[in-house]
Amino acid sequence: MNKRKIIEKLMLGVISTLAVISAIPIFAIMFNVYAEGLKHVNLSFLIDLPPPPVGDRVGGIGPALVGTFTLVSLAMVIGGAIGFFTGLYLSEFSHTKLSQYTQMFLQIMVEFPTIIIGLFAYTILVAPIKRFNALAGGFALSIVIIPYIALNVREAYKSIPYTLKEAAFSLGVSAPVAYLRILLSTARRGVLTALLIGMAKVAGETAPLLFTILGTTFTYFGGLDQPINAIPLLIYNFALSPYERWHQVAWGAAAVLLTIILLIFIVSRLIVKEVKL
Amino acid sequence: MGISKKPLIIVIVAIVAVLASASMIAMSLIQSTMTQATTTKPPEISGIVNGAGATFLNPQMQAWASKYYELTKGRIQVNYQSIGSGAGQAKFREGVLDFAGSDPPLKADIYQEFKEKGGIIQFPIIIGTIVIVHNLPNVESGKLKLTGEIVAKIYLGEIMYWDDPRIKELNPELDLPHEKIIAVHRSDGSGTTRVFTAYLAKVSEEWKNKVGSDFTVSWPVDQLGNGVGGKGNEGVAAAVKQNPYSIGYVETAYAYEVGLKTALIRNRDGNYVLPTRETVESAAKALVQILPRADEDWSNVFPDETVDAPGRESYPITSYSFIILRQVYDDPVKVAILKEFFHWVLTEGQKDENVVRGYEPLPPEVAKIGLDGLELLRTA
């Protein structure tokens with residue numbers, strides 16, 4: 001073997017190793033969370049109220065789980081809708097000044113510290129009604145995901161071949177039908193992935209919730225104008241405490257949260273595979 | 001490639017919405033069956049009050065709230081969230097909380113502001129203690145003797161080694177190594193630091209003049225490179241655990257749960273003490289006559305006057321957690337719930353079985369401050 005081939009093999013080996021190493025953290029995190037958390041998870045863990053720090057009650061994460069579902073739904077209804085239509089506008093009317101500026105601002109918003117968004121939601125939705133509430137949390141999460149969804153939806157629509165767009169409009173249908181029925185069915189994998197990634201992102205957010213939903217101990221759902229809990233918030237509070245019981249609940253909650261997020265990712269991967277152009 | 005029947009996003013949104021509402025309905029059903037027993041009885045006040053604040057108070061508040069939730073079969077729900085004393089006071093002031101939990105009482109100007117706007121009450125709800133912890137490998141827990149002055153000198157950077165003659169003099173039976181003392185302190189603003197530095201300022205004139213007492217201070221030992229900061233009690237506890245030959249101060253619950261070695265500290269009367277039920281009670285009782293009423297200003301009393309309490313048994317670094325309430329609420333149900341719950345906390349709640357390890361109950365004389373204060377609650 002000549003020198004060149006040896007060097008090539010060597011370098012390939014090094015680079016492959018590095019690629020494997022870069023994937024280690026995610027597996028280490030998953031292994032760690034499931035090793036510590038899974039043993040605490042069962043049906044009553046998903047339903048019960050969180051326990052006091054000492055005593056006999058094992059407790060669970062019921063209110064936090066319901067809260068996370070509620071908040072993610074709110075974020076998807078508000079942020080998903082706005083993000084989708086913004087993305088559509090950015091793609092199909094990209095020549096307008098408004099579109100160009102909107103895109104620029106959305107790119108800045110992606111990098112916005114989410115805690116600031118939480119403070120903003122506090123100022124406009126918590127302080128005036130004098131109560132921490134679920135709607136403020138859903139609103140804050142919506143703002144967090146709008147730029148993600150908008151920019152990804154834009155990519156999805158941009159990827160549709162121009163000839164297809166021409167064909168759609170040549171059918172003589174109205175613009176909404178062309179965009180939301182014909183072209184969406186082509187762009188759907190991109191759009192769905194955008195929505196699901198956004199969903200996974202907000203399911204794990206803590207910072208926007210710190211100043212908006214307060215958290216609850218005994219209430220699963222008291223109304224959109226009342227405090228609510230969320231899994232990331234519960235993990236944050238319990239993990240910092242000195243009590244073993246709360247650490248266990250936090251580990252269990254982390255396993256549940258990770259499962260939810262992995263499920264969302266798996267679903268989004270499957271969708272990408274199944275849709276054929 | 002045909003026209004899809006419905007836009008897929010709508011399907012997704014619908015699925016999510018159905019899932020969420022189904023789980024909400026399921027949960028409210030579960031909850032209503034759990035509270036069924038009480039709703040059939042003659043009408044009693046039921047409802048939720050929302051409070052937040054001190055992180056330190058959180059485990060004990062959760063224990064009380066859970067116990068009371070069980071006792072009343074879900075009739076009274078006291079929701080307390082740990083967001084920090086400062087945030088708790090600020091949010092309470094903005095009117096978004098029904099009550100606040102706080103390690104320090106309200107500052108004088110904020111107290112005045114509340115007083116002009118319908119009145120305020122603040123009262124101690126539980127006692128916490130700050131314990132000096134160390135990581136000397138060959139010294140057992142509860143053996144090392146220290147004085148406030150020596151601790152001040154360590155954090156001032158004047159005593160740098162464990163075998164310093166001033167430490168050896170107090171501990172002739174211990175084999176102290178010639179190792180540098182790593183002084184661990186809080187890196188974040190903290191009520192714990194406020195109380196700890198108030199104690200050092202009270203026992204050391206030098207500390208009072210050079211450093212003073214606040215939620216964060218500039219630690220002289222840091223300038224010598226022998227100081228380490230930790231975020232939160234858990235951060236300080238971890239730093240002490242990881243660094244041999246370190247010293248630190250934490251809320252006592254953290255010392256127990258993390259398994260740190262504690263140091264004895266000399267009280268004003270010259271005895272070496274650890275935080276125990278007796279030493280804390282002794283300190284609290286010694287202070288009863290200087291404590292204000294619930295509707296008075298506490299800012300110049302606590303913690304500067306309450307640390308280093310007199311008494312043969314007294315533990316010197318004790319700290320109160322406060323509950324802060326408005327005197328006037330719009331909602332009569334809130335007034336009734338707050339009165340009922342805190343009355344229970346100040347009486348039954350102070351019994352051994354309801355006090356979490358690491359906290360100490362209020363002596364009845366101190367609990368009375370809160371009980372008297374609750375009488376002032378009223379509706380507009």
Side-chain angles (χ1 to χ4, degrees), chain A residues 47 49-55 57 59 62-63 65-66 69-74 76-77 80-81 84 122 126-127 129-132 164 177 180-182 184-186 188 191-192 195-196 199 210-211 214-222 226-227 233 237 239-244 246 276-277, chain B residues 1-10 12-13 16-17 19-28 30-31 48 50 52 55 58-60 62-67 69-70 74 77-83 87 91 94-97 232-234 237 250-251 253-258 356-358:
Chain A
I47 296 172
L49 299 173
V54 288
R57 204 154 65 74
L65 190 60
V66 175
F69 272 121
T70 312
L71 291 167
V72 170
S73 311
L74 275 174
M76 293 313 290
V77 170
F84 172 77
Y122 176 87
V126 177
I129 77 159
K130 303 271 177 207
R131 196 188 297 125
F132 288 94
L164 218 64
V177 174
L180 298 181
R181 292 230 166 152
I182 304 170
L184 181 60
S185 68
T186 309
R188 66 181 162 182
V191 170
L192 266 182
L195 292 175
L196 289 169
M199 212 163 138
L210 284 175
F211 294 105
L214 183 66
T216 63
T217 314
F218 307 109
T219 317
Y220 292 91
F221 180 78
Q226 296 288 337
L233 193 63
N237 283 330
L240 288 179
S241 78
Y243 298 95
E244 188 53 33
W246 282 358
K276 288 194 188 88
L277 257 177
Chain B
M1 203 191 62
I3 298 172
S4 73
K5 300 237 161 42
K6 270 177 193 163
L8 272 166
I9 29 163
I10 297 180
I12 294 276
V13 168
V16 170
L19 266 180
S21 41
S23 53
M24 277 178 228
I25 292 164
M27 288 307 166
S28 33
I30 293 170
Q31 198 146 38
I48 305 172
N50 292 308
T55 309
N58 187 41
Q60 178 64 67
Q62 298 305 340
W64 282 328
S66 283
K67 184 72 181 282
Y69 178 85
E70 282 164 26
Q77 299 180 16
V78 177
N79 180 28
Y80 182 80
Q81 298 296 320
S82 125
I83 61 174
K91 301 301 173 217
E94 286 163 21
V96 299
L97 294 171
N233 275 301
E234 67 283 357
V250 291
E251 298 282 0
Y254 285 82
Y256 287 146
E257 302 294 331
V258 180
V356 176
R357 184 163 125 143

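Numbers restart at 1 for each chain; the letters A, B, ... are given by sequence-line order, proteins then strands.
Under the 4.5 Å side-chain criterion, counting only non-hydrogen atoms from C-beta, Q62(B) is in contact with P53(A). Residues F211(A) and V96(B) have side chains not in contact (no heavy-atom distance under 4.5 Å, counting atoms from C-beta outward). The shortest side-chain heavy-atom distance between W64(B) and P52(A) does not fall under the 4.5 Å cut-off. Looking at Q81(B) and L214(A), their side chains come closer than 4.5 Å, going by heavy atoms from C-beta outward.
Taken to the nearest 0.5 Å, the OH atom of Y69(B) stands 10.5 Å off from the OG1 atom of T217(A). The distance from the CG atom of N50(B) to the OG1 atom of T216(A) is 9.0 Å, given to the nearest 0.5 Å. Note: I83(B) CD1 to F132(A) CZ = 5.5 Å, rounded to the nearest 0.5 Å. The OH atom of Y256(B) lies 11.0 Å from the OH atom of Y243(A); values are rounded to the nearest 0.5 Å. Taken from CG in L240(A) to OG1 in T55(B), the straight-line distance is 8.5 Å, to the nearest 0.5 Å.
In this structure, the side chain of K130(A) engages the main chain of E94(B) through a donor-acceptor pair within 3.5 Å. For N79(B) (side chain) and F218(A) (main-chain N/O), no donor-acceptor pair under 3.5 Å exists by modelled atom type.
Between chain A and the residues E251(B), E234(B), R357(B), K67(B), the most heavy-atom pairs under 4.5 angstrom are made by E234(B). Listed options A237(B), A63(B), S66(B) were ranked by heavy-atom pairs under 4.5 angstrom with chain A; first place goes to S66(B). For chain A, the option among G232(B), A253(B), A65(B), A52(B) with the highest count of heavy-atom pairs below 4.5 Å is A65(B).
Geometrically, K91(B) engages Y122(A) in a cation-pi contact defined by less than 6.0 Å to the ring centre and at most 45° from the axis.
Applying the side-chain hydrogen bond (donor to acceptor under 3.5 Å, both in side chains) test to E244(A) and every residue at least two apart in sequence or in another chain returns nothing. By the salt bridge (charged side-chain N to carboxylate O under 4.0 Å, His left out) test, R57(A) pairs with E70(B), sequence neighbours left out.
Residue S241(A) touches chain B through its backbone alone, counting heavy-atom pairs closer than 4.5 Å. Of the two parts of V54(A), only the side chain, counted from C-beta on, holds a non-hydrogen atom closer than 4.5 Å to a non-hydrogen atom of chain B. If you measure heavy-atom distances from N233(B) to chain A, you find no contacts under 4.5 Å at all.
In this structure, P59(B) and W246(A) approach most closely via the heavy-atom pair CA-CH2, 3.5 Å.
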